[in-house]
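Below is one structure, written out as structure tokens, with a few remarks after it.
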Amino acid sequence: VRGVAHGQSIARGSELVRVPREAFITADVARSRLDSLLLQRGDEKKSCAHDLSDFQCLELFLLCEKNLGSDSSWEPYLSLLPDMLEHPMLWEDLSLLRSETRVGYNLLERIDACRRDFEAFQKLQWSSVVKPKITELDVRWATAILTSRAFHLSLASECDDDFDDDAEFLAKFDDLDEDVWEPAGADENDPDGEMVLVPWADALNHSPDAGLESILTYSSAQRVATLLAHCDYEQGAQVFDSYGVNLSATDCFINYGFVDPQSHRTDFVEFPGDVFLAVAKARGLKAATNTVDLFSAIKIEETIFRLDP
């Protein structure tokens, strides 16, 4: 079982992880590295890496550095990354994934996106003599690594360093809606910040008992990412972080490849709308007729019902 154990006892609220900004693998870091590996376009002094999305750059960065093996400066970190064979993104038998459900649909969509990324990577022109050997399965591995290990951090600029102090001051006013006061630095299309690989911090396993204090956060003032212990730990005990408060079994499976038995609090059952109507009619439920009228304006076969157990 992979995980992290601490060499000494840790008190609740103590710092478990502290990683400096210089150790982060961001899309900018990945794109800069790819610039040195890909051919530049004419007089632009930029490679085709600038035509790739941030996610694609992170995928390709992982695969290129992994290909380099011990010659990569990131080898100590990359060598500890798992093969992810147990993750559904790398399953050989994809027939196990039903496209009618959210789990199956999302995973099949991701796998299809990996195919498109692989095809895009095959068209790239490399400046190095040896072109990295990349397969579609490799791309699926990189995607599984990113969805299961990357953090979404708001890497705010130095001008936003005093956000915490401002928030503490404004919180004294009872009529303040906390939703309208947000730190700068997050992507406009991603309010949770940008995707970042934080070596070593991503090695901790998830605990459903861990709260917000055990979610990795970044301080632009100190230029470090930290997370705290949600409980007391004895010497040698495995330490945990939180992948998200109230994480459902569905999200756990899609993103991390496991199901937490304690996540039933946020679980639901999912099934296609036409299946629901067929079963309802077969059982003679009066609600079936009303449901048909209610959903007459939509395509019931494309509708997914959720049922909270």
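In this chain, residues are counted from 1 in sequence order.
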Item to check | Ala23 to Pro199 - nearest heavy-atom pair and separation | outcome: O-CD, 3.2 Å
Checklist entry - Got a donor-acceptor contact below 3.5 angstrom from the Ser79 side chain to the Glu75 backbone? => result yes
Checklist entry - Are Glu119 and Arg115 close enough, and set up right, to give a salt bridge (Lys or Arg N to Asp or Glu O under 4.0 Å), and what steps lead you there? => result CA-CA 6 Å; Glu119 292 174 352; Arg115 177 189 57 77; 3.1 Å; yes
Checklist outcome for this item: Nearest heavy-atom approach of Met89 to Cys114 is CE-SG, 3.6 Å
Next on the checklist: I want to check a possible cation-pi pair here: Lys66 against Trp141, using under 6.0 Å from ring centre and within 45° of the ring axis as the test.
Outcome noted: yes
Checklist entry - CD of Gln125: more than 12 outside heavy atoms within 6.0 angstrom? => result no
Next on the checklist: Please check if the number of heavy atoms outside Gln122 that lie under 6.0 Å from its CD is greater than 12.
Outcome noted: yes
Item to check | Near-ring test Tyr218/Phe24, centroid separation under 6.0 angstrom | outcome: yes
Item to check | Any Trp91 side-chain heavy atom under 4.5 Å of Leu85 side chain | outcome: no
Item to check | Side chains of Val196 and His152 in contact at under 4.5 Å (non-hydrogen atoms) | outcome: no
Item to check | Interatomic spacing from SG in Cys64 to CH2 in Trp74 - rounded to 0.5 Å | outcome: 14.5 Å
Next on the checklist: Any non-hydrogen side-chain atom of Val198 less than 4.5 Å from a side-chain atom of Leu216?
Outcome noted: yes
Checklist entry - Under 3.5 Å, side chain of Ser72 to main-chain N/O of Leu68, donor-acceptor pair present? => result no
Next on the checklist: With a 3.5 Å distance limit and no angle check, can you tell me whether His206 reaches the backbone of Tyr243 through a side-chain donor-acceptor pair?
Outcome noted: yes
Checklist entry - Around Glu22, counting heavy atoms of other residues, nucleotides and ligands shown, do more than 12 lie under 6.0 Å from its CD? => result yes
Checklist entry - What residues form a side-chain contact (heavy atoms from CB on, under 4.5 Å) with Pro76, not counting sequence neighbours? => result none
Checklist entry - What's the verdict on side chain to side chain contact (heavy atoms under 4.5 Å, CB included) for Val17 and Asp241, showing C-alpha distance, side-chain angles and the deciding distance? => result CA-CA 10 Å; Val17 173; Asp241 68 353; over 6 Å; no
Next on the checklist: Whether the Ser220 and Arg223 side chains hold a donor-acceptor pair (N or O, under 3.5 Å, no angle test) is what I'd like checked.
Outcome noted: no
Item to check | Same apolar cluster (I L V M F W Y, side chains within < 4.5 Å links), Phe253/Leu94 | outcome: yes
Checklist entry - Does Ala49 offer a backbone N or O that forms a donor-acceptor pair with the side chain of Arg31 under 3.5 Å? => result yes
Next on the checklist: Testing the basics here: between Ala150 and Met195, what is the closest heavy-atom pair and its distance to 0.1 Å?
Outcome noted: CB-CG, 3.5 Å
Checklist outcome for this item: Correct closest heavy-atom pair for Met84 and Ser148 would be CE-OG, 3.5 Å
Checklist entry - Judged by atom type as modelled, is there a donor-acceptor pair below 3.5 Å linking the side chain of Gln56 to the main-chain atoms of Ser53? => result yes
Next on the checklist: Test of understanding: clusters of I, L, V, M, F, W, Y form through side-chain heavy atoms closer than 4.5 Å, transitively. Do Phe118 and Ile145 belong to the same one?
Outcome noted: yes
Checklist entry - Does the side chain of Ser47 pick up a donor-acceptor pair with the side chain of Asp35 at under 3.5 Å? => result yes
Checklist entry - Can you tell me if Asp138 uses its side chain to pair, donor with acceptor, with the backbone of Thr135 under 3.5 Å? => result yes
Checklist entry - Can you tell me if Thr143 and Glu59 form a side-chain donor-acceptor pair at under 3.5 Å? => result yes
Checklist entry - Is there a donor-acceptor pair under 3.5 Å between the side chain of Thr147 and the backbone N or O of Ala144? => result yes
Checklist entry - Hey, what's the ring geometry for Tyr256 with Phe258, parallel, tilted or perpendicular (30° and 60° as the breaks)? => result tilted
Checklist entry - Is there a path of hydrophobic side-chain contacts, each under 4.5 Å between heavy atoms of I, L, V, M, F, W or Y residues, that connects Leu90 with Leu60? => result yes
Checklist entry - Has the side chain of Asp112 got a donor or acceptor atom that lies under 3.5 Å from a matching backbone atom of Leu108? => result no
Item to check | Residue pair Leu204 / Leu227, side-chain heavy-atom distance below 4.5 Å | outcome: yes
Checklist outcome for this item: In short, Gly257 meets Pro88 closest at the heavy-atom pair CA-CD, 3.7 Å
Checklist entry - What is the minimum heavy-atom distance between Leu81 and Arg149, and which atoms define it? => result CD2-NE, 3.4 Å
Next on the checklist: Starting from Leu37, can I reach Ile134 by hopping between I/L/V/M/F/W/Y residues whose side chains sit under 4.5 Å apart?
Outcome noted: yes
Item to check | Residue pair Leu58 / Ile25, side-chain heavy-atom distance below 4.5 Å | outcome: yes
Next on the checklist: Between Leu197 and Leu62, is there a side-chain heavy-atom distance shorter than 4.5 Å?
Outcome noted: yes
Checklist entry - Backbone N or O of Ala5 within a donor-acceptor pair of the Gln238 side chain at under 3.5 Å? => result no
Item to check | Crowding at CZ, Arg12 (>12 non-hydrogen neighbours, <6.0 Å) | outcome: no
Item to check | Pair Cys57-Leu34, side chain to side chain contact (heavy atoms under 4.5 Å, CB included): steps then yes or no | outcome: CA-CA 8 Å; Cys57 283; Leu34 293 174; 4.1 Å; yes
Item to check | Side-chain heavy atoms of Asp54 within contact of Glu194, under 4.5 Å | outcome: no
Item to check | Short side-chain to backbone donor-acceptor contact, Arg21 and Ser219, under 3.5 Å | outcome: no
Item to check | Cluster check Leu228, Tyr233: I/L/V/M/F/W/Y, side chain < 4.5 angstrom | outcome: no
Item to check | Test side chain to side chain contact (heavy atoms under 4.5 Å, CB included) applied to Thr217 and Thr226, step by step | outcome: CA-CA 6 Å; Thr217 57; Thr226 59; 4.1 Å; yes
Checklist entry - Step by step, would you call Asn255 with Arg110 a side chain to side chain contact (heavy atoms under 4.5 Å, CB included)? => result CA-CA 11 Å; Asn255 293 319; Arg110 288 185 183 182; 2.8 Å; yes
Checklist entry - If we only count heavy atoms from C-beta on, is the Leu155 to Thr26 side-chain gap below 4.5 Å? => result yes
